[in-house]
S.K.: 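Got a structure for you, questions after.
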2 protein chains.
Amino acid sequence: MTKSNYHHGNLRDSLIESAHSILAADGVESVSLRNVAKQTGVSATALYSHFHDKRELLAVLATQGFERLSDLMVVEAGKRSPGDQLGAPDLAGLALGYVKFATDNSALFQLMFGREVGNLKDYPFLQEAGARCYGLMADSVAARLRESGAPDSPAVAATAAWSMVHGLSTLINDGRISAHTCELGSNEELVLQACRAFSFGVTREPFS
Amino acid sequence: MTKSNYHHGNLRDSLIESAHSILAADGVESVSLRNVAKQTGVSATALYSHFHDKRELLAVLATQGFERLSDLMVVEAGKRSPGDQLGAPDLAGLALGYVKFATDNSALFQLMFGREVGNLKDYPFLQEAGARCYGLMADSVAARLRESGAPDSPAVAATAAWSMVHGLSTLINDGRISAHTCELGSNEELVLQACRAFSFGVTREPFS
DNA sequence: CACGCATCTTAACAGTGTAAAGTTAATAAT
DNA sequence: ATTATTAACTTTACACTGTTAAGATGCGTG
């Protein structure tokens, strides 16, 4: 309780790490200031020397999540097209990485898109990290549209693609859909099939 | 504090109504037992005579939400195909209703799919109400597949469709996508264009 | 009338985020 | 080297949360 407690050194990073481990282990509602502080070995209000809020801590956590998500997306996309690392990343690979991240880190994923951090405008770094993630999909979709010569709006197509992948992630995490209900063996297969349907078209003809 | 308070008559419905109005006005985090009780003119713990939990109250609220959502979906689908009320509902119409409900009742929509009610298995009536909603889309997609003679799995196509529509709803509500970023005039247009992309296909050719 | 019972109230508890004020120790200035 | 400044951390306290336990109320039935 002398030097060891005071001037912890890098308390900020320690708090982030504790919060991350509690989040992954026990879910977002267990990430309380007192829990984080106890696990870090510090008083409950020590956090306020390094963060303005609990929300700011969560925003930092969410930002790290988006960075890891983007990384995983490009890794998974690279796996599916090992040859051309220069072209735009493979869309299905990006989707696989997205859903894999969401299901492997469900609590963090909830935090990234949940209402705990509140208004995105308060944390530009968080909005930026999320935008990079969307950018990956947008680039891939745009490249694919150029290749096929389709006249569609790249922005609309990218938005639709992101929506489907994001919807898959949240609905799987909520237990509302699963590979089992589609008579498939794994969620990876479900993602691939859904991407195929999306890219090839469900009815092969425009409606209305 | 005499007869007027005791034996309220239909306190259960009154609590639901109060909770609903608070939810719509001030968001889900303002729906506290004390707020609901105060607005109903009753003590904070009176709720426990009619619900096991706060969660149960929220589950009932969410169930009503799913019922209203399903209703709106069929109404919007009917608007788009006034002729054939007998066939399967129009997919784009269902999607329009879905997104319209989500954006017009964002707090309720959050509650319906959020983590406040917790495990779906605890409330079969809630799961059932959600399943009806999914069933509408599944039927529409299956009918469309039959018409076009496509060999795709109806379950996969329906899951993909629901995912896209649900993703659109949540991402719009989170302020992550909007008609503006797609250079469109309204969210209705965005939904229609996204559905068109989904149904017709983005690249018109299978990938991978 | 009286009993039982569902309904509602009051009081209390453990938990939450956060503000205010006090304590400690490392750093800067003289 | 001593002092002043200041950032980092603790203690205390407050208003709020959901929930439990015990008591009060009055309706319906014997």
Side-chain angles (χ1 to χ4, degrees), chain A residues 1-19 22-23 25-62 107 110-111 114-119 122-123, chain B residues 1-19 22-23 25-62 107 110-111 114-119 122-123:
Chain A
M1 50 194 65
T2 65
K3 180 181 173 183
S4 56
N5 277 7
Y6 273 83
H7 303 85
H8 178 286
N10 56 350
L11 180 55
R12 191 186 143 99
D13 289 346
S14 298
L15 289 169
I16 294 174
E17 190 181 322
S18 294
I22 293 175
L23 175 66
D26 301 325
V28 59
E29 52 268 356
S30 294
V31 182
S32 73
L33 295 191
R34 287 170 173 80
N35 276 107
V36 173
K38 180 179 296 180
Q39 175 149 331
T40 316
V42 90
S43 88
T45 56
L47 172 139
Y48 288 92
S49 295
H50 300 275
F51 300 92
H52 175 262
D53 256 328
K54 180 189 182 185
R55 280 181 61 223
E56 189 178 294
L57 169 63
L58 297 181
V60 171
L61 237 57
Q110 274 180 2
L111 185 66
R115 139 191 43 65
E116 285 84 6
V117 304
N119 194 348
D122 295 343
Y123 305 104
Chain B
M1 51 198 63
T2 64
K3 178 182 175 184
S4 56
N5 278 8
Y6 273 83
H7 301 87
H8 178 286
N10 55 351
L11 179 56
R12 191 186 145 98
D13 289 345
S14 298
L15 289 170
I16 294 174
E17 189 180 324
S18 295
I22 293 176
L23 177 66
D26 301 326
V28 60
E29 53 269 355
S30 293
V31 182
S32 73
L33 295 191
R34 286 170 173 82
N35 277 129
V36 172
K38 181 180 296 180
Q39 175 148 332
T40 316
V42 90
S43 90
T45 56
L47 172 140
Y48 289 92
S49 295
H50 300 274
F51 301 91
H52 175 263
D53 258 327
K54 180 189 182 185
R55 280 181 61 224
E56 187 176 297
L57 168 64
L58 297 181
V60 171
L61 237 56
Q110 274 180 3
L111 184 67
R115 138 193 45 62
E116 285 82 8
V117 304
N119 195 347
D122 296 343
Y123 305 104

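In what follows, chains are A, B, ... by sequence order, proteins preceding strands, each numbered from 1. Heavy-atom basis, side chains included; hydrogens, waters and symmetry copies ignored.
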S.K.: In whole Å, I'd like the distance from the CD atom of B:Glu116 to the P atom of D:dG18.
M.R.: 12 Å

S.K.: Does the side chain of B:Val31 come within less than 4.5 Å of B:Glu116's, by heavy atoms?
M.R.: no

S.K.: So does A:Gln39 have more than 12 non-hydrogen atoms from other groups sitting under 6.0 Å from CD?
M.R.: yes

S.K.: Choose from D:dA21, C:dC8, C:dA20 the nucleotide whose nearest atom is closest to any side-chain atom of B:Leu11.
M.R.: C:dC8

S.K.: Within the structure, does a side-chain N or O atom of B:His52 lie under 4.0 Å from either OP1 or OP2 of D:dT19?
M.R.: no

S.K.: Going by heavy atoms closer than 4.0 Å, what residues in residues 27-38 of chain A are next to DNA chain C?
M.R.: A:Val31, A:Ser32, A:Leu33, A:Arg34, A:Asn35

S.K.: C:dA19, C:dT9, D:dT17: which one has an atom nearest the side-chain heavy atoms of B:Lys54?
M.R.: D:dT17

S.K.: What is the separation between atom CG on B:Asp13 and atom P on C:dT7, rounded to the nearest whole Å?
M.R.: 13 Å

S.K.: Could you check how far CG of A:Leu47 sits from P of C:dT16, rounded to whole Å?
M.R.: 14 Å

S.K.: Examine the base of D:dT19 for any acceptor or donor lying under 3.5 Å from a partner atom in the side chain of B:Thr45, and report the outcome as yes or no.
M.R.: no

S.K.: Looking at B:Tyr48, does any N or O in its side chain come under 4.0 Å of the phosphate oxygens OP1/OP2 on D:dT19?
M.R.: yes

S.K.: Quick check: closest heavy atoms across B:Gly27 and B:Ala107, and the distance to 0.1 Å?
M.R.: CA-CB, 4.1 Å

S.K.: Tell me: CG of A:Leu15 to P of D:dC9, nearest whole Å?
M.R.: 8 Å

S.K.: Measure the distance from CZ on A:Phe51 to C1' on C:dA19 and round it to the nearest whole Å.
M.R.: 19 Å

S.K.: Looking at the side chain of A:Ala46, which of C:dT7, C:dG17, D:dT10 is the nearest nucleotide?
M.R.: D:dT10

S.K.: For the side chain of B:His50, starting at C-beta, report the closest nucleotide among C:dT9, C:dC8, C:dT18.
M.R.: C:dC8

S.K.: Of all heavy-atom pairs between B:Ile22 and B:Ser30, which one has the smallest distance, and what is that distance?
M.R.: CG2-O, 3.5 Å

S.K.: Given atom CG of B:Asn10 and atom P of C:dT7, what is their separation to the nearest angstrom?
M.R.: 12 Å

S.K.: Count the heavy atoms of every other residue, nucleotide or ligand shown that sit under 6.0 Å from CD of B:Glu17, and state whether that count exceeds 12.
M.R.: no

S.K.: Between A:Asp53 and B:Ser43, which is nearer to the 5' end of DNA chain C once each is assigned its nearest nucleotide?
M.R.: B:Ser43

S.K.: Would you say B:Ile16 and B:Phe51 make side-chain contact, with heavy atoms under 4.5 Å?
M.R.: yes

S.K.: Does D:dA8 have OP1 or OP2 sitting under 4.0 Å from an N or O in the side chain of A:Ser49?
M.R.: no

S.K.: Can you confirm whether A:Lys54 sits close enough to A:Val36 that some side-chain heavy atom of one is under 4.5 Å from a side-chain heavy atom of the other?
M.R.: no

